[in-house]
Amino acid sequence: MAPSRLPYRDTVADQPDRITLTGLRVHAHHGVYESERLTGQEFIIDVTLHVDASQAAKSDDINDTVHYGKLAESLVHLVSGAEVNLLETLAERIATACLSDPMVGTVDVTVHKPQAPIPYSFTDVSVSITRRRT
């Protein structure tokens, strides 16, 4: 019996499937100033993984996709681990961790630091990067 044909393409080259984890909150001790490293503060992490989800959709098997629960756990360990000065460095480390999963071709990372030591009223400071598998 021939497999049924879908009324659409499984994937589109310029519009990959995405798995997004938004608002992962982690208390950590990053920053340029000693006071930031002593008391720590909340960092908020957003990641969008560009993947091909078609096999997972067909199989309905967690092993055919990125397990976002395990991803969240690994990112909490990473962000709460070794201290860095810059959000750019932290974002790069997060991107590298996400790209270590062979299912991820591209990742968008945003690191928010809503309690940054800025003496003015503001809502958020963030750094966003995009990295692709080479």
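A distance-only check finds a donor-acceptor pair linking the side chain of R18 to the backbone of P16 [under 3.5 Å]. At distances below 3.5 Å, not a single donor-acceptor pair connects side-chain atoms of T65 with backbone N or O atoms of I62. Side-chain N or O atoms of E42 include none that pairs as donor or acceptor with a backbone N or O of P114 at under 3.5 Å.
Through direct or relayed side-chain contacts under 4.5 Å between Ile, Leu, Val, Met, Phe, Trp and Tyr, V32 connects to L86.
Residues satisfying the side-chain hydrogen bond (donor to acceptor under 3.5 Å, both in side chains) test with T48, not counting sequence neighbours, are T20. For S59, the side-chain hydrogen bond (donor to acceptor under 3.5 Å, both in side chains) partners are D64, not counting sequence neighbours. Legend: residues meeting side chain to side chain contact (heavy atoms under 4.5 Å, CB included) with N63, ordered by chain and number and at least two apart, are D61. Under the salt bridge (charged side-chain N to carboxylate O under 4.0 Å, His left out) criterion, R133 pairs with no residue at all, not counting sequence neighbours.
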Check residues 121-128 and write down every donor-acceptor pair under 3.5 Å in which the side-chain atom is one partner and the other belongs to a residue at least two apart or another chain.
residue: D124; atom: OD2; partner: H112; partner atom: ND1; Å: 2.4
residue: S128; atom: OG; partner: T110; partner atom: OG1; Å: 2.7

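Counting only residues at least two apart or in different chains, ring-ring contact (aromatic ring centres under 6.0 Å, His included) contacts with residues 60-83 are absent. Residue pairs satisfying the salt bridge (charged side-chain N to carboxylate O under 4.0 Å, His left out) criterion with at least one member in residues 97-114, sequence neighbours excluded, are listed as follows: E36-K113. The salt bridge (charged side-chain N to carboxylate O under 4.0 Å, His left out) contacts involving residues 72-93 comprise R37-E83, E92-R131, where partners must be two or more places apart or lie in separate chains. Sorted by first then second residue, the ring-ring contact (aromatic ring centres under 6.0 Å, His included) pairs that include residues 31-64, not counting sequence neighbours, are H30-F43.
Under the 4.5 Å side-chain contact rule for hydrophobic residues, I44 and V84 do not share a cluster. Linking Ile, Leu, Val, Met, Phe, Trp and Tyr whenever their side-chain heavy atoms come within less than 4.5 Å puts M103 and L75 in one cluster. Linking ILVMFWY residues whenever their side-chain heavy atoms come closer than 4.5 Å, directly or via other members, places L21 and V104 in the same cluster. Both L78 and L24 are members of a single hydrophobic cluster when ILVMFWY side chains are connected at heavy-atom separations under 4.5 Å.
Interatomic distance, L71 CG to L49 CG, rounded to the nearest 0.5 Å: 5.5 Å. Atoms CD1 and OG1, from I94 and T89 in turn, are 11.0 Å apart once rounded to the nearest 0.5 Å.
Across A28 and S80, no two heavy atoms sit closer than the pair CB-CA, 4.2 Å. Closest heavy-atom contact between V47 and C98: CG1-SG, 4.2 Å. The heavy-atom pair separating S35 from T39 by the smallest distance is O-OG1, 3.0 Å.
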